[in-house]
Amino acid sequence: MKIDDVIDESLELIYGSVEEKKTGVNKLLSLVKSHPTALEHLIQNHRLMSALTRLYGEDDVHAELSFAIAKIFLVLASIEDFQDMISSYRVGALTIGLLELEIKRACHRGNSSASSSLDMAVPP
């Protein structure tokens, strides 16, 4: 399958259900890992980069999906020629926001489990 065909198919999947989004992003991740020449195709596809950026910035996106997208951005950002383009999509700011959200979730889960264990320890 041609690189552009994989990109087009992945882009269609990104607009589907959560499972389709995961499949689409994982296809792109596999493409990036197996075909380094595909990186230029990805970074130059404005529609794809916009879709990945939008999906990456959504608050309700699953962690697994966010991390797969982050891996794609990491590979792209590791090439100096692509860093300005990655920066123009605000990937750094989105990544910081995602990290802050995950920290809050972890703290909330920690507080919830701590308070529920305290509730169990206190007799009625």
If you round to the nearest 0.5 Å, how far is CG of Leu65 from CD1 of Ile14? 8.5 Å
With heavy-atom distances below 4.5 Å as the criterion, would you say the side chains of Val25 and Leu55 are in contact? yes
Is any side-chain heavy atom of Cys107 less than 4.5 Å from a side-chain heavy atom of Ile103? yes
Measure from the side-chain N and O atoms of Asn26 to the backbone N and O of Lys22, and report whether any donor-acceptor pair falls under 3.5 Å. yes
How long is the span from the CG atom in Asp8 to the CD1 atom in Ile3, to the nearest 0.5 Å? 12.0 Å
Checking Ser50 side chain against Arg47 main chain: does a donor-acceptor pair fall under 3.5 Å? no
With a 3.5 Å distance limit and no angle check, can you tell me whether Thr23 reaches the backbone of Glu19 through a side-chain donor-acceptor pair? yes
Phe73 vs Leu94 side-chain heavy atoms within contact, under 4.5 Å: no
What I'd like to find out is whether the side chain of Met49 reaches to under 4.5 Å of the side chain of Ile86, using heavy atoms alone. yes
Any heavy-atom pair between the side chains of Ser17 and Glu20 that's under 4.5 Å? yes
Taking the side chain as C-beta and beyond, is there a heavy-atom pair between Glu9 and Glu12 under 4.5 Å? no
Residues Arg54, Glu58: salt bridge by 4.0 Å N-O rule: yes
Leu42 side, atom CG; His35 side, atom NE2 - distance, nearest 0.5 Å: 12.0 Å
Tell me if the CD atom of Glu64 is crowded by more than 12 foreign heavy atoms within 6.0 Å. no
A side-chain contact here means heavy atoms from C-beta on lying under 4.5 Å apart; do Leu52 and Leu28 qualify? yes
Taking Gly97's backbone N and O only, do any of them form a donor-acceptor pair with Glu100's side chain (distance below 3.5 Å, no angle check)? no
Please list, chain by chain and in numerical order, all residues satisfying side chain to side chain donor-acceptor pair (under 3.5 Å) with Gln44, sequence neighbours excluded. Glu40
Do the non-hydrogen side-chain atoms of Leu13 and Lys21 ever get within less than 4.5 Å of each other? no
